[in-house]
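These notes concern the structure reproduced below.
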Amino acid sequence: MTGFLRRVLSPYRGLLILVILLQLGQSFFAMYLPTINSRVIDYGVANADAAYIMHQGILMLGIALIQLLLSTLAGIFGAKVALMTGRDLREQVYEKLIHFSRRMIGSMGAPTLITRATNDVQQVIQFITFLFTAIIAAPMMFIVSLYMVVRTSPTLGWYVLGSLPFLLGGVVAIAIYSEPISKMQQKNLDRINGILRENLSGLRVIRAFVNERFEEKRFEEVNDAYATSSKKLFRLMSVAQPAFFFLFNIVMVLIIWSGSVQISTGDLRVGDLIAFIASIFHALFSFMLFATVFMMYPRAAVSAGRIQDVFDAQPLIKDNPNGITTTATKGELVFDHVTFAYPGPSQTPVIRDISFTASPGETVAFIGSTGSGKSTLIQLIPRFYDVSQGHVLIDGSDVREYQLAALRQKIGYIPQKAVLFTGTIADNLRYGKEDATKEQMLRALDIAQATDFVLSLPNGLDTVVSEGGSNFSGGQKQRLAIARAIIRQPEIFIFDDSFSALDYATDARLRERLRAETTESTTLIVAQRVGTIMDADKIIVLNEGDVVGIGTHKELLKNCAIYYDIAASQLSEEELLK
C-alpha cells in the first residue's frame with residue numbers, strides 16, 4: 001500500500017508538501033491556544049485584569065482565524081490532490097484494460113474489472129482524502145500534546161499514558177479483524193456487478209423462460225452476502241468509536257478528579273488544569289484520527305491491491321513500438337504453416353498447419369462446421385491472438401513486426417455480433433474514419449444497403465444509438481458496422497460472419513456493391529451460408545482446425561466431400577448442378 005501510494009501521489013509532490021506545511025501550521029496554532037487560555041485564567045481572571053484579558057482574547061481570535069484559514073486551504077489542496085489522483089488512477093486502469101486481450105478480460109472477469117476501475121479507485125481516493133485533510137498533522141499534534149501534558153503535570157500525565165496501550169491494542173485488533181471482511185465485501189460487490197450485467201444483457205431470455213423469480217433469488221443471495229459483510233464492518237466501526245469515547249471519558253473523569261485535588265492543595269493552578277484538559281483533547285483526538293485511518297486502511301489496502309493486480313497483469317499481445325508503420329505493397333496476406341493453441345494448461349491446437357495466400361482484389365472465404373476454427377483463424381490477422389507456430393504475413397512482413405496501430409489501420413474488421421457505441425449514427429461511422437464527411441458517410445451507407453432505413457429516421461445520421469445499438473435490429477446493426485468499415489477504406493476487409501442477420505436479397509446486393517468497392521483490397525469472409533461465398537475467388541474449408549479443401553465453389557463441390565455436404569444442406573439440387 002505504501003509503495004502504491006508513493007507511486008500514484010508522486011506527480012503531485014509539490015502540492016503535497018504545501019498541504020503538509022499548511023497542516024503543520026494550523027496544528028501549531030491549535031496547540032498554542034490552550035497555553036494562551038491558561039494565561040487568561042491564571043493572570044487575567046485571577047487578577048481581574050480586564051486589559052490583559054482583552055489583549056489575550058484578541059490574540060486568541062487572531063490565532064483562531066489563522067488556524068481556520070490554514071485548515072481550509074489544507075482541506076482544499078488535500079482534496080484537490082485526492083481528486084486528481086483518482087482521475088489519474090481511473091485513466092491508468094482504463095488504459096491498461098483497453099490493452100487486455102479478451103482472454104485476460106475473461107479470466108479476471110469483466111464485472112470485477114469494472115469494480116476495480118470504479119469502486120476500488122473510490123475507496124483509495126476516500127483514504128487519500130482523509131489522509132491529507134486530517135491525518136498529516138496528527139503525529140505532530142499527538143507528540144506535542146503529550147509533551148505539554150507531561151510538562152504541565154507529570155502526575156496527571158500518567159493517566160493519559162496508561163490509556164494509550166488500550167487504545168493502540170483496540171486499533172490493531174480492528175485493523176486485523178476488518179481486512180478479511182473488506183476482501184469479502186469487495187468480492188461480493190464483484191458478484192453483484194456480474195449478476196446485474198448478466199441479467200441486463202440477458203433480460204429477454206430470462207423473461208422468455210419465465211425465470212424472473214430464479215434470478216431474483218440468485219441476486220438476493222449475493223446481495224445478502226454483501227449486506228452481511230458490510231454490516232460486520234459497520235458493526236465493528238459502531239462498537240469501536242463508542243468504546244474509544246468511553247475510555248476517553250474515563251480518563252477525563254480521573255484527570256478532573258485528580259486535578260481538583262491538586263488545585264485544592266495548591267500543587268496545580270486552574271489555568272494549567274484547563275490547558276492540560278485541552279492538550280489531552282488534542283492528544284486523544286489525534287489518536288482517534290489514527291484509529292480512523294487504521295479502520296479505513298484495510299479496505300483501502302484491499303482496493304489498492306486489486307488495482308495493482310490490474311497494473312501488474314501483462315498483456316498477452318505486446319506492441320512493437322519500433323515496428324513497421326508503412327509498406328510498399330497494400331493488402332498482400334500470407335498464412336505460412338500457421339498453428340494456434342489458446343494459452344492454458346491443455347495447449348491443444350485449434351488450428352493446425354494452415355497455409356494460403358490472399359492478394360489485393362481477391363476474395364477469400366472460410367467455411368466449416370461450428371468450432372472448426374474459422375473465427376480464430378482470422379483473429380490472428382489483427383493480432384487479437386498471436387500464432388503458436390508459423391507466420392502471418394502482411395505485405396511481406398510478420399504481423400508481429402508491425403506497430404499494433406499501424407497493423408490494425410490496414411484492416412477493416414466487422415465481427416459477427418455488430419457492436420455499436422452510444423452516440424449518433426454519424427459518431428459510430430466516424431469511428432472508422434474520424435474526419436469522415438457527410439458525403440463519405442452516405443456513400444458508405446449506400447454500399448452497405450443502409451441508406452433507406454437511416455434516412456427514413458426522423459434525425460437521419462444524427463439519430464441517437466442506444467447502448468449496444470438496442471434500438472436497431474440485428475440486420476441494421478450489421479449494415480451499420482459494415483458501413484463503418486467501408487468508410488475506413490482499409491487494405492484488408494475481414495467479415496466474420498457479418499452477413500448472417502441479412503436476408504438473401506440484401507446479402508446479394510451488398511456483396512455485389514462490395515465487389516466493386518474492394519477491387520484494390522483483400523477481402524476475407526467467414527460464413528455459414530454457402531450462398532454468401534459462392535462467388536469467392538478462393539474458398540477454404542475447415543474441419544476441426546484442419547484445412548480439408550481449397551478452391552472455387554465448383555471445384556470444391558467435386559473435390560471436397562465436407563463442402564459438398566454443407567452445400568447440399570443449403571442449396572437445391574438445381575443450384576448444386578449449376
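Numbers for residues simply follow the sequence, beginning at 1. In this text, all values refer to a predicted model and were calculated from it rather than measured experimentally.
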Practice task
Show your reasoning for whether side-chain hydrogen bond (donor to acceptor under 3.5 Å, both in side chains) applies to Asn193 and Thr115.
Solution key: CA-CA 8 Å; Asn193 288 337; Thr115 304; 2.5 Å; yes
Problem - Worked check of side chain to side chain contact (heavy atoms under 4.5 Å, CB included) between Ile425 and Asp462 - result: CA-CA 6 Å; Ile425 292 176; Asp462 294 324; over 6 Å; no
Practice task
Kindly indicate, with the supporting measurements, whether the criterion ring-ring contact (aromatic ring centres under 6.0 Å, His included) is fulfilled by Tyr413 and Phe495.
Solution key: CA-CA 6 Å; Tyr413 175 70; Phe495 296 93; 9.8 Å; no
Exercise for the section: Dump the intermediate steps for side chain to side chain contact (heavy atoms under 4.5 Å, CB included) on Val8 and Ile307, then the final yes or no. Expected result: CA-CA 11 Å; Val8 300; Ile307 295 169; over 6 Å; no
Handout entry: Residues Ser375, Asp496; criterion side-chain hydrogen bond (donor to acceptor under 3.5 Å, both in side chains); working and verdict
Key = CA-CA 6 Å; Ser375 293; Asp496 187 1; 2.8 Å; yes
Handout entry: Candidate pair Asp336 and Asp398, rule side chain to side chain contact (heavy atoms under 4.5 Å, CB included), full reasoning
Key = CA-CA 10 Å; Asp336 180 19; Asp398 193 296; over 6 Å; no
Practice task
Go through Val364 and Ile540 one step at a time and tell me if the side chain to side chain contact (heavy atoms under 4.5 Å, CB included) criterion holds.
Solution key: CA-CA 7 Å; Val364 177; Ile540 298 174; 3.8 Å; yes
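In this structure the side chain of Arg479 reaches within 4.5 angstrom of the side chain of Leu502, judged on heavy atoms. For the pair Ile482/Leu510, a side-chain contact is recorded, criterion being any heavy-atom separation below 4.5 Å from C-beta on. The side-chain heavy atoms of Ile494 and Gln379, taken from C-beta on, include no pair separated by under 4.5 Å. Contact annotation: the side chain of Gln403 never approaches that of Ile324 to less than 4.5 Å [non-hydrogen atoms, C-beta and beyond]. Looking at heavy atoms from C-beta onward, Ile192 lies in side-chain contact with Asn223 at the 4.5 angstrom threshold. Looking at heavy atoms from C-beta onward, Tyr402 lies in side-chain contact with Ser397 at the 4.5 angstrom threshold. With contacts defined as side-chain heavy-atom distances shorter than 4.5 Å, the pair Val454/Leu480 qualifies. Met441 is listed as a side-chain neighbour of Ile487, based on a closest heavy-atom distance under 4.5 Å.
In this structure, Arg306 and Asp120 approach most closely via the heavy-atom pair NE-OD2, 2.6 Å. Scanning all heavy atoms of the two residues, the minimum distance from Ile378 to Val526 falls at CD1-CG2, 3.6 Å. In plain terms, the two heavy atoms of Lys96 and Phe311 that are nearest each other are NZ-O, 3.2 Å. Scanning both residues, Gly412 and Pro490, for their nearest heavy atoms gives N-CB, 3.3 Å. Between Leu380 and Ile351, the shortest heavy-atom distance links the atoms CD1-CD1, 3.6 Å. The two residues Val124 and Ser303 make their nearest non-hydrogen contact at CG2-CB, 4.1 Å.
No donor-acceptor distance shorter than 3.5 angstrom exists from the side chain of Gln126 to the backbone of Gln123, with no hydrogens or angles considered. Side-chain atoms of Ser229 never come within 3.5 Å of backbone atoms of Met184 as a donor-acceptor pair (strictly under, hydrogens ignored). Remark: the backbone N or O of Gln440 is paired with a side-chain donor or acceptor of Thr437 at under 3.5 angstrom. The backbone N or O of Asp353 lies less than 3.5 Å from a partner atom in the side chain of Thr339, making a donor-acceptor pair. Within the 3.5 Å criterion, the main-chain N or O of Gly368 finds a donor-acceptor partner in the side chain of Lys374.
Remark: the Asn543 side chain and the Ser372 side chain contain no N/O donor-acceptor pair separated by less than 3.5 Å. For the residue pair Asp427/Thr424, the side-chain donor-acceptor check at 3.5 Å is satisfied. Ser521 and Glu491 are not linked by any side-chain donor-acceptor pair at a separation below 3.5 angstrom, with hydrogens and angles left out of the test. Neither side chain, Arg352 nor Gln389, offers a donor N or O lying under 3.5 Å from an acceptor on the other. With no hydrogens or angles considered, no side-chain donor-acceptor pair links Tyr226 and Asp190 at under 3.5 Å. Residues Tyr342 and Thr348 bring no donor and acceptor atom of their side chains to less than 3.5 Å of each other. With no hydrogens or angles considered, a side-chain donor-acceptor pair links Gln478 and Ser500 at under 3.5 Å.
The structure places OG1 of Thr326 at 13.0 Å from CD of Gln409, a figure rounded to the nearest 0.5 Å. Put simply, CG on Asn211 and CD1 on Ile206 are 8.0 Å apart, with the number rounded to the nearest 0.5 Å. Atom CD of Gln308 and atom CZ of Arg116 lie 11.5 Å apart (nearest 0.5 Å). Expressed to the nearest 0.5 Å, how far CD of Glu362 lies from OG of Ser359 amounts to 5.0 Å. Put simply, CG on Asn428 and CZ on Phe472 are 8.5 Å apart, with the number rounded to the nearest 0.5 Å. Note that the CG atom of Leu9 and the CD1 atom of Ile128 stand 4.5 Å from one another [nearest 0.5 Å].
Look at Glu517 and Arg443 and you find a salt bridge, because one of the NZ, NE, NH1 or NH2 atoms lies within 4.0 Å of a carboxylate O, short of that distance. Between Asp395 and Lys410 there is a salt bridge, with a side-chain nitrogen of the basic residue lying less than 4.0 Å from a carboxylate oxygen of the acidic one. Ion pair Arg400/Asp319 not flagged as a salt bridge, since none of the NZ, NE, NH1 or NH2 atoms sits closer than 4.0 Å to an Asp/Glu carboxylate oxygen.
The environment of CZ in Phe421 is crowded: more than 12 heavy-atom neighbours from other residues, nucleotides or ligands sit within 6.0 Å. The number of heavy-atom neighbours closer than 6.0 Å to NZ of Lys232, taken from other residues, nucleotides and ligands shown, is 12 or below. Taking a 6.0 Å sphere around CD of Glu91, one finds it holds more than 12 heavy atoms contributed by other residues, nucleotides or ligands. Annotation for Glu520: atom CD does not count as buried by contact number, only 12 or fewer foreign heavy atoms lying within 6.0 Å. The environment of Tyr431 atom OH is sparse: at most 12 non-hydrogen atoms of other residues, nucleotides or ligands sit within 6.0 angstrom. Within 6.0 Å of CZ in Arg13 there are 12 or fewer heavy atoms belonging to other residues, nucleotides or ligands. No more than 12 heavy atoms of other residues, nucleotides or ligands shown are found within 6.0 angstrom of CZ on Phe214. Atom NZ of Lys187 sits in a sparse spot, with 12 or fewer heavy atoms from other residues, nucleotides or ligands closer than 6.0 Å.
Within the structure, every pair that satisfies the ring pair (Phe, Tyr, Trp, His ring centres under 6.0 Å) test and touches residues 312-338, not counting sequence neighbours, is listed here: Phe335-Phe356. Listed by first and then second residue, the salt bridge (Lys or Arg N to Asp or Glu O under 4.0 Å) pairs involving residues 214-225 are Glu198-Arg218, Arg213-Glu216, Glu215-Arg218 (not counting sequence neighbours).
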